[in-house]
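For reference, the structure discussed in these notes is given below.
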Amino acid sequence: MFNRRAALAFLAGAGSLALTLSACGQNSASSESSSEGGTVGVAMPTRASERWLTDGKSVVDGLKDKGYKTKLVYGDDDPKRQVSQIESLVKQGVDALIIAAIDAKSLNSVLQQAADKHIPVISYDRLILGTKNVDYYVSFDNEMVGRQEARHIIEKLGLEDGKGPFNIELFAGSPDDNNTKYFYDGSMALLQPFLDSKQLVVPSGQTEMNQMTTLRWDGPTAEKRMSGLLSKWYGSKKVDAVLSPYDGISRGVLAALKSDGYGSDGKPLPVVTGQDAELDSVKSIIAGEQSQTVYKDIRALGEAATEMVDDILRDRVPRVDNRTDYNNGVKDVPVYLLQPESVDKSNYDLLIRDGYYTAEELK
């Protein structure tokens, strides 16, 4: 059974096998089998998020099961470092690349180097932009993620029953991550009618995506912005809901709210959404703090990516859902999409049933 401690243990062990990939001294984790299936380079964005540690383990394990060697690297939220790491993987002659980009627009040159060596590229979870040298994209239905977050707010506040007005503040993801727009568009498609009718009011007036982005999805950055919003716009008003696209941002928002007295003294915490079902946030949901998260089974995402690599390297046509709707600014990138699920206090046990967490972990 999969569990999160195993993911963390994997990365801890991999760290002891760190290799120097370039003169910059980037760290990589290398996991190799004795098979002749070839070598796949896997570039993940950060080790600061529990979610990406699990992605790395999931992809590496899936590739090993199919007989491939792997070279796993983490860019540690530094786009230049990730470019250098991928360049090194290309020079080492990997047979394919799976890349979760830090900056979706920063990889054009290095992916041309990959194309020159006929190395296929799969864009993992985040669509790489501005280059023809992306062969496939595998992700979740990210617009649906935003819709599920918005739907939770609508239901918890009773907006369809005519209740309101309620005060809401809006957060978005990193401006250099293409998924940010999908999450924003999905949520605003459902929330905008209630903003128009004034059932939802944004006291700060910050409703445009470029006003609410959170660089690198960073929790402390979100905490700082939320604290500023509370100080400037609230006073005697109270926050009734916060649209947050990711659990790390949600925890930052909650920290600011608690510092402002929410959660005590008869001042209830607002509805706060999230994404990725990270362990700390699921525990927060169980404790009645964060209200919701979106569960994306990244084991399934890793499996989809490894199946795609295996098909490509064995000259089979990979399975895709859509060939026309995901344009990266240069080309339509064929995509395989998985479906997310909304999780709150009423149904978090599905994470235990799926083996995503154990009951012990959620205590």
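Throughout, residue positions are numbered sequentially from 1 according to the sequence presented.
Between P45 and R126 the shortest side-chain heavy-atom distance falls below 4.5 Å. Looking at heavy atoms from C-beta onward, K71 lies out of side-chain contact with V73 at the 4.5 angstrom threshold. Residues K117 and Q113 form no side-chain contact, since every pair of their non-hydrogen atoms from C-beta on lies 4.5 Å or further apart. V320 is not listed as a side-chain neighbour of Y137, based on a closest heavy-atom distance of 4.5 Å or more. With contacts defined as side-chain heavy-atom distances shorter than 4.5 Å, the pair K232/S204 does not qualify. The shortest distance between side-chain heavy atoms of P175 and T180 does not fall below 4.5 Å. Within the 4.5 Å cutoff, no side-chain heavy atoms of V121 are placed close to those of T131. The side-chain heavy atoms of V282 and V343, taken from C-beta on, include no pair separated by under 4.5 Å.
Residue-environment remark: NZ (K91) stays at or below the threshold of 12 foreign heavy atoms within 6.0 Å. Within a 6.0 Å radius of NZ in K331, other residues, nucleotides and ligands contribute more than 12 heavy atoms. Within a 6.0 Å radius of NZ in K181, no more than 12 heavy atoms belonging to other residues, nucleotides or ligands are found.
Closest approach of K283 to K363, counting heavy atoms only: CE-O, 3.6 Å. Residues R314 and Y68 approach most closely at NE-OH, 3.7 Å, considering heavy atoms. Taking all atoms of both residues into account, the shortest heavy-atom contact from S250 to S244 is OG-OG, 2.8 Å. L53 and Y74 make their closest contact through CA-OH, 3.5 Å (heavy atoms, listed as atom of the first residue, atom of the second, distance). Taking each heavy atom of Y184 and E208 in turn, the nearest pair found is OH-CA, 3.9 Å. Of all non-hydrogen atoms in V134 and N328, the two that sit nearest each other are CG2-ND2, 4.3 Å.
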Exercise for the section: Applying salt bridge (charged side-chain N to carboxylate O under 4.0 Å, His left out), run through E223 and K258 and close with a yes or a no. Expected result: CA-CA 10 Å; E223 181 179 357; K258 290 178 183 178; over 6 Å; no
Problem - Test side-chain contact (heavy atoms from CB on, under 4.5 Å) applied to K267 and D260, step by step - result: CA-CA 10 Å; K267 195 175 182 181; D260 199 60; 3.4 Å; yes
Practice task
Go through T306 and D65 one step at a time and tell me if the side-chain contact (heavy atoms from CB on, under 4.5 Å) criterion holds.
Solution key: CA-CA 10 Å; T306 57; D65 287 346; over 6 Å; no
Practice task
Show your working on side chain to side chain donor-acceptor pair (under 3.5 Å) between S88 and Q92 and close with a plain yes or no.
Solution key: CA-CA 6 Å; S88 182; Q92 291 177 54; 3.1 Å; yes
Handout entry: Chi angles and distances behind the side-chain contact (heavy atoms from CB on, under 4.5 Å) call for R225, T214
Key = CA-CA 9 Å; R225 176 173 176 245; T214 311; 5.7 Å; no
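In terms of hydrophobic clustering, with Ile, Leu, Val, Met, Phe, Trp and Tyr side chains grouped at heavy-atom distances under 4.5 Å, M144 and I298 are assigned to different clusters. In the hydrophobic clustering of this structure, M308 groups with L72; members are Ile, Leu, Val, Met, Phe, Trp, Tyr whose side-chain heavy atoms approach within less than 4.5 Å, directly or through other members. Transitive grouping of hydrophobic side chains (ILVMFWY, heavy atoms separated by less than 4.5 Å) keeps I128 and V330 in distinct clusters. I102 and V59 are assigned to two separate hydrophobic clusters, defined by single-linkage of ILVMFWY side chains at heavy-atom distances under 4.5 Å. In this structure, V83 is a member of the same hydrophobic cluster as V94, with clusters built from ILVMFWY side-chain heavy atoms closer than 4.5 Å.
Between the side chains of S291 and H152, a donor-acceptor pair is found at a separation under 3.5 Å. A donor atom on one side chain and an acceptor atom on the other are not found under 3.5 Å apart for T324 and D332. Side-chain contact of S187 with E149: a donor-acceptor pair under 3.5 Å is absent, judged by distance alone. Checking S109 against E87 by side-chain atom types alone, no donor-acceptor pair falls below 3.5 Å. S139 and D125 are linked by a side-chain donor-acceptor pair at a separation below 3.5 angstrom, with hydrogens and angles left out of the test. In this structure, a donor-acceptor pair under 3.5 Å is present between the side chains of D218 and T221. For the residue pair Q112/N133, the side-chain donor-acceptor check at 3.5 Å is satisfied.
Distance check, rounded to the nearest 0.5 Å: CG of D116 to CG of L111 gives 11.0 Å. How far CG of D240 is from CD1 of I153: 11.0 Å, rounded to the nearest 0.5 Å. With values rounded to the nearest 0.5 angstrom, L362 atom CG is found 4.5 Å from I286 atom CD1. Separation of atoms CD1 (I122) and CD1 (I99) is listed at 10.0 Å; rounding is to 0.5 Å. Put simply, CG on L243 and CD on Q292 are 9.5 Å apart, with the number rounded to the nearest 0.5 Å.
A salt bridge links E307 with K66: the distance from a Lys NZ or Arg NE/NH1/NH2 to an Asp or Glu carboxylate oxygen falls below 4.0 Å. Between D297 and R299 there is a salt bridge, since at least one side-chain N of the basic residue sits less than 4.0 Å from a carboxylate O of the acidic one. A salt bridge links D310 and R316; the closest N-O separation between the charged side-chain nitrogens and carboxylate oxygens is under 4.0 Å. Look at R147 and D141 and you find no salt bridge, because none of the NZ, NE, NH1 or NH2 atoms lies under 4.0 Å from a carboxylate O.
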Under 3.5 Å, sequence neighbours excluded: what are the donor-acceptor pairs made by side chains of residues 190-202?
residue, atom, partner, partner atom, Å
Q192, NE2, D196, OD1, 2.9
S197, OG, P193, O, 3.4
S197, OG, F194, O, 3.2
S197, OG, Q199, N, 3.4
S197, OG, Q199, OE1, 3.3
Q199, NE2, L159, O, 2.9
Q199, NE2, K163, O, 2.9

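A donor-acceptor contact shorter than 3.5 Å is absent between the side chain of N142 and the backbone of N179. A donor-acceptor pair under 3.5 Å is absent between the side-chain atoms of D276 and the main chain of D247, judged by distance alone. Under the 3.5 Å distance criterion, the side-chain polar atoms of S259 are matched with a main-chain donor or acceptor of A255. Of the possible donor and acceptor atoms, none in the side chain of T46 sits under 3.5 Å from a partner among the backbone N and O of D76. Under the 3.5 Å distance criterion, the side-chain polar atoms of T293 are matched with a main-chain donor or acceptor of A277. Of the possible polar contacts, one joining the N347 side chain to the D344 backbone as a donor-acceptor pair under 3.5 Å is found. With S284 contributing its side chain and Q290 its backbone, the two residues share a donor-acceptor pair below 3.5 Å. Side chain of D95 to backbone of V40: no donor-acceptor contact under 3.5 angstrom is found. With hydrogens and angles ignored, the 3.5 Å screen pairs a side-chain donor or acceptor of R216 with a backbone N or O of D77. Although no hydrogens or angles enter the test, the distance criterion places no donor-acceptor pair under 3.5 Å between the side chain of K105 and the main chain of L129.
Residues Y182 and Y326 place their aromatic rings such that the two centres sit under 6.0 Å apart.
Chaining together hydrophobic side chains whose heavy atoms lie under 4.5 Å apart places M226 alongside V145, F171, F183, W217, L229, L230, W233, Y234, V239, V242, Y246, I249, V253, L254, L257, Y262, L269, V272, V294.
Under the side-chain hydrogen bond (donor to acceptor under 3.5 Å, both in side chains) rule, S281 has a single partner from E289, E50, R251, Q275, which is R251.
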